[in-house]
Amino acid sequence: MQEKFSLLSNQWIKELSSTIDYLNQNYDEITVLSEATLKNLYERTFGPNTYERVSQITDGTSCITLTYDEAYQGYITQGESGCGGVSAFMVYEKIISATKYSDRIEIVSSAFYIDGETRQIYKDYNKTTSLGGLLVDENTVTDEEERENVYSTYIEENKDNLEQYTYTYMLNEDGFYYLIGVERTNA
């Protein structure tokens, strides 16, 4: 189940808010994610009545971990969190195709990995196959759109030589599509 929360992290991270911890009377700054918000995001992605409370959620990179707190009716973390900086390990993924069937939609993406510390890009998450140096110097190219265009072009030109993932969304009886699985389909 933790993998599903990690998949959703780009959505729930946008919903975090900071406050002072008045309820527990610690008076420290905390970051809060309401359980109602998380449940809504989860069920919009994975289907009605699929959410189950867990004790902790993480974004999958260990940059942020939130723990359920009954008093806040949500997930919290104390102090600052996040990895940040140019040395972060990141994934850049782009949709390269989408196919609609009568009962499902399959979306195929291609990805590569960026290690700011070694200043290399890699074919795989475990950094076993280097694809060369950084495509963009994150320290000098601050325009996000310019970086996105370089990364997007690289994937288009190399998609058959990169890892590919297929996301399968099944049509539910309510007329909506819900994510039922992700698998690597090209290594």
Side-chain angles (χ1 to χ4, degrees), residues 1-85 87-95 98 103-117 122 124-128 163-185 187:
M1 189 162 188
Q2 186 60 295
E3 294 83 11
K4 291 181 177 182
F5 288 114
S6 295
L7 276 172
L8 288 176
S9 65
N10 283 340
Q11 294 178 53
W12 61 254
I13 282 176
K14 296 174 189 173
E15 302 296 330
L16 297 176
S17 62
S18 293
T19 189
I20 301 299
D21 185 7
Y22 293 111
L23 294 178
N24 295 320
Q25 297 184 355
N26 293 330
Y27 305 109
D28 294 327
E29 183 176 349
I30 60 171
T31 303
V32 180
L33 173 65
S34 115
E35 183 177 34
T37 298
L38 181 62
K39 179 181 179 190
N40 183 37
L41 291 170
Y42 194 93
E43 291 189 353
R44 281 193 331 210
T45 302
F46 299 109
N49 304 313
T50 56
Y51 173 82
E52 292 179 26
R53 181 183 298 159
V54 295
S55 61
Q56 286 188 327
I57 61 171
T58 182
D59 67 346
T61 64
S62 299
C63 289
I64 185 168
T65 299
L66 301 167
T67 303
Y68 184 77
D69 186 292
E70 188 68 44
Y72 280 95
Q73 296 182 2
Y75 294 84
I76 68 168
T77 187
Q78 289 185 306
E80 294 185 26
S81 59
C83 293
S87 63
F89 186 70
M90 302 176 298
V91 61
Y92 186 78
E93 184 175 22
K94 179 181 181 189
I95 294 173
D103 63 341
R104 70 188 185 285
I105 296 174
E106 291 181 356
I107 298 173
V108 178
S109 69
S110 192
F112 66 89
Y113 303 85
I114 302 169
D115 187 339
E117 188 174 318
Y122 293 91
D124 59 314
Y125 179 82
N126 294 323
K127 301 188 274 187
T128 56
E163 288 186 342
Q164 292 180 5
Y165 295 88
T166 299
Y167 296 79
T168 303
Y169 293 82
M170 292 298 292
L171 180 61
N172 194 2
E173 59 195 31
D174 64 6
F176 291 97
Y177 290 87
Y178 297 104
L179 182 64
I180 62 153
V182 179
E183 68 177 307
R184 187 169 59 200
T185 50

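What you are looking at is a predicted structure, and each value in this text was computed from that prediction instead of being measured. We count residues from 1, following the sequence as given.
- Each of Leu41, Leu38, Asn40 was checked for a side-chain contact (heavy atoms from CB on, under 4.5 Å) with Tyr51, and the lone residue meeting it is Leu38.
- Looking at heavy atoms from C-beta onward, Phe46 lies out of side-chain contact with Tyr178 at the 4.5 angstrom threshold.
- A donor-acceptor distance shorter than 3.5 angstrom exists from the side chain of Asp69 to the backbone of Ala71, with no hydrogens or angles considered.
- Salt bridge status for Glu70 with Arg53: present, with a side-chain N to carboxylate O gap under 4.0 Å.
- Here the OH atom belonging to Tyr42 is positioned 5.5 Å from the OG1 atom belonging to Thr50, to the nearest 0.5 angstrom.
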### Message
Would Gln56 and Thr67 count as a side-chain hydrogen bond (donor to acceptor under 3.5 Å, both in side chains) here? Give the steps.
### Response
CA-CA 4 Å; Gln56 286 188 327; Thr67 303; 3.1 Å; yes
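- Looking only at side-chain heavy atoms (C-beta outward), Leu8 and Ile57 stay at 4.5 Å or farther from each other.
- No donor-acceptor pair closer than 3.5 Å links the side chain of Thr31 to the backbone N or O of Ile76.
- Annotation for Ser9 and Asp59: closest pair OG-O, 3.5 Å, computed over non-hydrogen atoms.
- Taking 4.5 Å as the limit, some side-chain heavy atom of Thr19 sits within range of a side-chain heavy atom of Ile30.
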### Message
Glu163 vs Tyr125, test: side-chain hydrogen bond (donor to acceptor under 3.5 Å, both in side chains). Steps then yes/no.
### Response
CA-CA 9 Å; Glu163 288 186 342; Tyr125 179 82; over 6 Å; no
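- No donor-acceptor contact under 3.5 angstrom links the side chains of Glu183 and Thr166, judged on distance only.
- A donor atom on one side chain and an acceptor atom on the other are found under 3.5 Å apart for Glu93 and Ser109.
- With hydrogens and angles ignored, the 3.5 Å screen pairs a side-chain donor or acceptor of Tyr75 with a backbone N or O of Val54.
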